[in-house]
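Read the structure below first, then the notes.
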Amino acid sequence: MSHRTIHLFRKGLRLHDNPVLLGALCSSAALFPVFVLDERVCVGALRCRFILQSLEDLDSRLRALGSRLYVLRGSTLAVLGDLVTRWAVTQISYDTEVEPHHARVEQEIRALAEERGLHTHTCVSHTLYDVRRIIQAAGGSPPLTYRKFLHVLSALGEPEKPCRDISAEDFLRCPTPPDHQLAFGVPSLADLGLEVQSAVLWPGGETHALQRLHTHFQSQGWLASFSKPRTVPNSLLPSTTALSPYLSVGCLSARTFYRRLSRVYAQAKNHSLPPVSLQGQLLWREFFYTVASATPNFTKMEGNPICLQIDWYHEPESLEKWRTARTGFPWIDAIMTQLREEGWIHHLARHAVACFLTRGDLWISWEEGMKVFEEFLLDADYSLNAGNWMWLSASAFFHKYTRIFCPVRFGRRTDPQGQYLRKYLPVLKNFPSQYIYEPWKAPEDVQVSAGCIIGKDYPCPMVCHIEASQRNLALMRQVRTEQQKTAELTRDVADDPMEAGLKRELQEEEELLEGAEPCSKSKRVSGSADHKSRPSGWPPEVT
DNA sequence: TCGGAGTTGATTGT
DNA sequence: ACAATCAACTCCGA
């Protein structure tokens, strides 16, 4: 076969372990590497910068092999339809992705191919396994706990091996047509109307990804003994690999990383295991991809069958304080600052701010937090972001909601001097360590000599953590009791519709007596005024 | 119906 | 630093 092929890059911005591109090259006399920049690529400026850098890198790696990357703007389908005609294309290749937006585009591509009589070439290479195989092996529905997930995987065996790197020879039979003009170059951030002030800590691209990977593999002992809960959320340099941004756009292949870890484990006397090991982290990624692929409305609460239905508060001002690092809790604000400026924060730091926003303190929907993370995280990912937000808000997967992170003590445990806080919140840098996690408790003279008056130079804490978390705990208990009742009713309906009807009437009567609104469709705790009111005396007067 | 497990709490004591 | 204790929820399998 000698096709004229468009290889559509979406994720998978790499030339190592890229089986679809390799396969397409083998069957092509000409191949056009294409990336379509649509508005979804430019959600946040930091991430957009990262993606543009990744495209630049891909282009220069392709150039080294005698090819070029063609970057176009518009909708994928419209761009492809146009290029197919212009370049007399006979085949389109692309990685199969599971998230709804990408799946929709794939459907459109298949329809286009059908209409124009084109070949398509595709398979999965973003995850360790094709998650459809996992779901099949699990009997049709995804496992909702990690252990069960691992159990299902044990029946599937090891993930597929990464394929060989693509070399110049692979491109020999398909030279770049001479019409690669300025029009197909990678645009700058400014071209897209975006601007970023902060320095580049995580330069995008396969080259950087492989360099970072290489550096980590110099410390094989560290890789083998890696244990996630033991890593420190507030170290000044990442205590984990921080390869997630590269994995998220496929600058680094999860299969390559996994395989290389297997080799290290084989050499090590003993090594850590999932869930805490490094391979365990890749399997967490796989876990959330699997569940997300089989759950409708995975990034929403409503219509999401695995998500607890909660009447979260609608408090735009509180949300904005959290988003812009003005909660008054240095631990929370430092993390949000690192997130906004650098685009990467440690997993446990994500726990801290997510718990604070949702079930811990503010009782604001995890969807709001998810959107903020989507805007700022370099590694923002449809499945992982939503999955972890549901986890942390105890909406799904995780149920021990009585375990609430304390926004003062959690950070202090691993950084009692508050170095991390001083770095990201310089306004607090002169506070004595004793007060730096709760500066509002510092006497006036201490505040004066630190050059930072609480309530003026740095905000007062926006809530009383003890009171808020106790109130939220009670709310959560209520939600779950209500939901349990509904579940019982639903079960009864299946058993005995008549009796269940009676029971429901009785229950509604009860609720009317209590002054609660009967709500037959979905049981939610009412976010009534007494829950919403903040304790009067708070925030404390600044003396 | 009961007991054990669930990726990583907080506090207190050694 | 590590262990025991606290107080405690949901799900699942026996």
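Note that the structure is predicted; figures quoted are calculated from it, not measured. The sequence lines fix the lettering, A, B, ..., with proteins before strands; numbering per chain opens at 1.
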Q) Closer to the 5' end of DNA chain C via nearest nucleotide, is it R477(A) or K148(A)? A) R477(A)
Q. Quick one: on DNA chain C, does T481(A) or R230(A) contact a more 5' nucleotide (nearest heavy atom)?
A. R230(A)
Between [X] and [Y] (side chain of the first, backbone of the second, donor and acceptor by atom type, cut-off under 3.5 Å), is there such a pair?
| X | Y | value |
| --- | --- | --- |
| Q281(A) | K228(A) | no |
| N472(A) | G360(A) | yes |
| R359(A) | S395(A) | no |

Can you identify which nucleotide, out of [options], has its nearest atom closest to the [X] side chain?
| X | options | value |
| --- | --- | --- |
| F398(A) | dT8(B), dA8(C), dA10(B) | dT8(B) |
| C406(A) | dT7(B), dA10(B), dT10(C) | dA10(B) |
| Y146(A) | dA10(B), dT10(C), dT7(B) | dT7(B) |
| Q281(A) | dA8(C), dA10(B), dT7(B) | dT7(B) |
| T145(A) | dC9(C), dT7(B), dT8(B) | dT7(B) |
| F405(A) | dC9(C), dC2(C), dG9(B) | dG9(B) |

Can you tell me the distance, in whole Å, between the [atom1] atom of [X] and the [atom2] atom of [N]?
| X | N | atom1 | atom2 | value |
| --- | --- | --- | --- | --- |
| Q478(A) | dC9(C) | CD | C1' | 16 Å |
| E482(A) | dC9(C) | CD | C1' | 17 Å |
| L473(A) | dG9(B) | CG | C1' | 12 Å |
| I466(A) | dA10(B) | CD1 | P | 11 Å |
| L278(A) | dT7(B) | CG | P | 18 Å |
| Y401(A) | dC9(C) | OH | P | 5 Å |
| L392(A) | dT8(B) | CG | P | 11 Å |
| L308(A) | dC9(C) | CG | C1' | 12 Å |

Under 4.0 Å between a side-chain N/O of [X] and OP1 or OP2 of [N], yes or no?
| X | N | result |
| --- | --- | --- |
| R413(A) | dT11(B) | no |
| R403(A) | dT7(B) | no |
| R147(A) | dG6(B) | yes |

Q) Mind checking whether W284(A) and Y146(A) have parallel, tilted or perpendicular rings, split at 30° and 60°? A) parallel
Q: Determine the interplanar angle of the F288(A) and F397(A) rings, folded into 0 to 90°, and report it as parallel if under 30°, tilted if 30 to 60°, perpendicular if over 60°.
A: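 Ring orientation, 0 to 90° scale: perpendicular.
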Nucleotide opposite [N] in a Watson-Crick or G-U pair, distances under 3.5 Å:
| N | result |
| --- | --- |
| dA8(C) | none |
| dA3(C) | dT12(B) |
| dT7(B) | none |

Q: Please confirm whether any donor atom in the side chain of H347(A) sits under 3.5 Å from an acceptor in the base of dT7(B), or the reverse.
A: yes
Q. For W284(A) and dT7(B), do the ring centres fall under 5.5 Å apart while the planes stay under 30° apart?
A. yes
Q. F356(A) and ring pair (Phe, Tyr, Trp, His ring centres under 6.0 Å): which partner among F329(A), W366(A), W322(A)?
A. F329(A)
Q. Taking the same atom, C1', in dG4(B) and in dA8(C), what whole-Å distance lies between them?
A.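 Result for the C1' pair: 14 Å, nearest Å.
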Q) At under 4.0 Å between heavy atoms, what does L144(A) touch on the DNA or RNA strands: base, sugar-phosphate, or nothing? A)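 Touches nothing.
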